[in-house]
Every structure is written in structure tokens, then in C-alpha cells.
Amino acid sequence: MSTPSLALTLSELFIYPVKSAAGISIHSASLTSRGFEGDRRCMVVSPDGQFMTQRRFPKMALIKLALIKSALQSQQLRLSAPHMPALTVPIPAPEADENAEQMTVEVWGDRTLARSLGSDAHAWLTQFLGTPCQLVYMPHSSHRPTDHGKFGPNNIVSFADAFPYLLISEASLTELNNKLKANNAAPVPMNRFRPNLVVQGAITPHAEDQWKRIRIGDAIFSVAKPCARCSVPTVNQSTGEKTVGNEPIKTLSTYRAWDKAIWFGQNLVQENPEVEAVVRVGDRIEVLD
């Protein structure tokens, strides 16, 4: 049963073109079979294909990104970082995947196909992060099931941890910041938690825990499970350094810990991926169940 009286709206949208690099705030996003268009289709990997994130390399937060379309409508990815020259890397067109050389990479136990984005990106990232690594792209031929296949073989995801979408309400962050203030700790911005969708409205903190299905524009989402938090929220996204005192995880652990994990935000999957939907900042959010 829907609850239209909640007056919820979508206040912010984010994509993360490279897993664990800086996010991009956008006004609208097109949904694809793997998540938002442009979200986490690229990833930094070690020489043996293992994924790399801010958990071990907090400086990745300082890699700023821009997606650029050329006059020929081909897409490019622009990387910049402190004390580094900007680098522009072409994103392969879908029709170029079939005959391209591919490699196997691993993210959270899932082994999937990827394409290297070249020696320039390899040299740039290796210099900035101080360890050998390269940038890879998930081609259209790659098939990585959502949450290790728990939603069936046809529900797929990009290089995101396990789910294509992450939602957090402003009310939940406000409660956390009030508790941080009470503990004489500094408040944290929403970007510490790297959501895709941010909800605004007069709701209680963590009301999203109770949602099962929501509608945003023409898209219907199942609220799959809470998001278990790792150490990434302790990384200051402006400085690329970890917070002294393990905040905000330390404070979250006092009221959001159960089943041997700390939870903040909700993972979503799209129920109607056959619908070519677009969501926009300002869209109404309707709780269906």
C-alpha cells in the first residue's frame, strides 16, 4: 500500500564513474541494467586484477572525475588530482567490445571481465597512488550478477560493491551528526557514505529501514538490504586522509550495530529494468510498501 502523504523528494543524485574515486553530483540520471549510466563502470586494479579502494588507498578520494562527450558523441573520462596533470581517457564504445582484448578482474569475490584503459592511465594512477595499478572498464559483454547472484542471473551490477543503488535519507545523517556533536566530534557530510540517491522529507531517522518498495519517477525499486559500512566513511573526501578516532564509524557503532556489522543506508535494485527510466533531483519519492 502506498503512502503518498510522506512528501518525500529526491534532493541529491551522485554517480561514481571510477569505483572509490570522487563522486559527481548530477541533476538527472538514466537507469541502465547495471545501475545509473556512468556509475562505477571503471575501476582501479592491482597488477593481478584485484580491485583497489579507499579502504587501503584513501588518496583515491582526491581523484576528481568528469565525463565528457566529444563532438563525435564518443565518451571520455577526465581524471585530475593534486600535483598531477589532468588525463583524458577514451571510454570504449559498446560495438568495440566484441574483438577487444579483455582481462579477468576480481571485486569482492566476483571474477568478471574488464578492459584495460591503457598505458597512460596505468602510469598516471601508479604515480599518484605510489603503487603499480591500472584503470579498467566493464564492457557490455561482462556479466556480474547483483549480490553474488542472489537476485538471479539476469539482475546484474557494475563494479559497485554488490548492489547498483544506495539510498540514504537526510534525516539519518542529521541524527548521526547530532550524536557526533554530543560526543564532541565533528559532523560529516553526506559524501562520506557515497550514496547514489539522497532523500529529503519530514521523516524519522532511518525511516528507510522500514521501506520495501519505492517509486521515483517511472522507476520502481526494491529495498534489498541495509548497507554494511566498512572503513571508507572514516576517509575525509576533501583531504584523502582517515579521521582520527575512527569517526563516524565509532559513533555509528553505538546505535547502528547488529549481526556483526554497522549499518547506514539502504541498497536498492530496480524492479522494472525494462523501463527506460530517468530520475531527477526534485522527483517525488513514493513509498509503495
Side-chain angles (χ1 to χ4, degrees), residues 9-44 51-54 60-70 73-81 86-94 107 114 117 121 135-140 142 144 146 156-170 173 189-200 214 216-219 221 224 227 232-233 235 237-238 265-270 273 275-283 285:
T9 57
L10 186 62
S11 60
E12 293 184 280
L13 274 172
F14 297 94
I15 60 170
Y16 307 86
V18 176
K19 182 180 180 68
S20 232
I24 301 175
S25 175
I26 56 177
H27 183 265
S28 64
S30 299
L31 281 72
T32 76
S33 60
R34 304 172 195 269
F36 284 143
E37 184 177 1
D39 188 49
R40 296 178 175 94
R41 289 295 292 271
C42 299
M43 181 170 68
V44 182
F51 75 113
M52 295 168 57
T53 73
Q54 292 181 32
M60 290 182 70
L62 302 181
I63 302 173
K64 308 298 182 186
L65 305 167
L67 288 171
I68 305 165
K69 278 196 173 181
S70 72
Q73 295 302 303
S74 61
Q75 196 169 58
Q76 297 176 315
L77 176 67
R78 185 176 184 272
L79 298 84
S80 60
L87 175 68
T88 300
V89 181
I91 298 295
V107 51
L117 289 183
L135 186 64
V136 299
Y137 172 77
M138 177 178 278
H140 287 260
S142 181
R144 182 185 176 221
T146 297
I156 59 176
V157 67
S158 65
F159 288 131
D161 279 356
F163 292 88
Y165 305 100
L166 174 63
L167 174 148
I168 300 175
S169 72
E170 293 180 1
L173 181 67
M190 187 65 82
N191 67 6
R192 289 289 189 96
F193 298 97
R194 302 174 64 79
N196 296 110
L197 305 120
V198 180
V199 179
Q200 181 183 65
I214 63 172
I216 308 175
D218 293 327
F221 298 92
C227 181
V232 170
V235 178
Q237 298 295 298
S238 298
Q266 290 288 332
N267 292 301
L268 310 181
V269 294
Q270 187 186 2
V275 175
E276 295 182 1
V278 176
V279 297
R280 297 174 176 85
V281 170
D283 276 354
I285 299 173

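Atoms CG and CG, from Asp161 and Leu166 in turn, are 9.5 Å apart once rounded to the nearest 0.5 Å. From Glu276, atom CD reaches atom CG of Asp218 across 11.0 Å, with rounding to the nearest 0.5 Å. Of the inter-residue distances, the one linking Leu67 atom CG with Ile15 atom CD1 reads 5.0 Å to the nearest 0.5 angstrom. Rounding to the nearest 0.5 Å places CE of Met43 at 11.0 Å from CG of Leu117. Atoms OG and CE, from Ser25 and Met190 in turn, are 12.0 Å apart once rounded to the nearest 0.5 Å. Atom CD of Gln270 sits about 4.5 Å away from atom CG of Leu31, to the nearest 0.5 Å.
Annotation: side chain of Asp283 is not in contact with side chain of Thr9 (no heavy-atom distance under 4.5 Å). Proximity of Cys227 to Ile168: side-chain heavy atoms (C-beta onward) are nowhere separated by under 4.5 Å. Contact of the Val269 side chain with the Pro164 side chain is registered, since non-hydrogen atoms from C-beta on lie closer than 4.5 Å.
Shown here for Pro189 and Phe193, the closest heavy-atom pair between the two residues is O-CD1, 4.4 Å. Taking every heavy atom of both residues into account, Leu62 and Ser238 meet most closely at CD2-O, 3.4 Å. Listed here is the closest heavy atom pair of Tyr16 and Ala21: CD2-O, 4.2 Å. In plain terms, the two heavy atoms of Ala114 and Pro139 that are nearest each other are CA-CD, 3.7 Å. Across Ser11 and Glu170, no two heavy atoms sit closer than the pair OG-OE2, 2.8 Å. Contact record, Val44 with Met60: CG2-CE, 3.8 Å, taken as the closest heavy-atom pair.
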side-chain contact (heavy atoms from CB on, under 4.5 Å), that's the test. Do Gln54 and Arg194 meet it? Break it down for me.
CA-CA 12 Å; Gln54 292 181 32; Arg194 302 174 64 79; 3.3 Å; yes
Which is it for Ile214 and Leu167 under the side-chain contact (heavy atoms from CB on, under 4.5 Å) test, yes or no, and what are the steps along the way?
CA-CA 11 Å; Ile214 63 172; Leu167 174 148; 3.7 Å; yes
In sequence, state the C-alpha distance, the side-chain angles, and the governing distance for Lys19 and Val107, and then conclude on side-chain contact (heavy atoms from CB on, under 4.5 Å).
CA-CA 10 Å; Lys19 182 180 180 68; Val107 51; 4.0 Å; yes
Check the pair Phe14, Val198 against side-chain contact (heavy atoms from CB on, under 4.5 Å), reporting the backbone distance first and the verdict last.
CA-CA 9 Å; Phe14 297 94; Val198 180; 4.0 Å; yes
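Proximity of a side-chain donor or acceptor of Gln237 to a complementary backbone N or O of Ala61 within less than 3.5 Å is not detected. Using a distance-only test at 3.5 Å, with no hydrogens or angles considered, a donor-acceptor pair links the side chain of Arg192 to the main chain of Val235. Here the side chain of Arg144 pairs no donor or acceptor atom with the backbone of Val157 at under 3.5 angstrom. In this structure, the side chain of Ser80 does not engage the main chain of Ala86 through any donor-acceptor pair within 3.5 Å. In terms of modelled atom types and a separation under 3.5 Å, the side chain of Tyr165 and the main chain of Gln266 share no donor-acceptor contact. Of the possible donor and acceptor atoms, one in the side chain of Thr146 sits under 3.5 Å from a partner among the backbone N and O of Ile156.
With respect to Asp39 and Arg34, no salt bridge is recorded, no charged nitrogen being found less than 4.0 Å from a carboxylate O.
Checked against side-chain contact (heavy atoms from CB on, under 4.5 Å), Pro90 has no partners two or more places apart in sequence or in another chain. With sequence neighbours left out, Ala121 forms a side-chain contact (heavy atoms from CB on, under 4.5 Å) with Leu87, Val89, Leu135. By the side-chain contact (heavy atoms from CB on, under 4.5 Å) test, Leu13 pairs with Leu10, Ile26, Ala29, Phe36, Leu197, Val279, Val281, sequence neighbours left out.
The ring of Phe51 has its center no closer than 6.0 angstrom to the ring center of Phe159.
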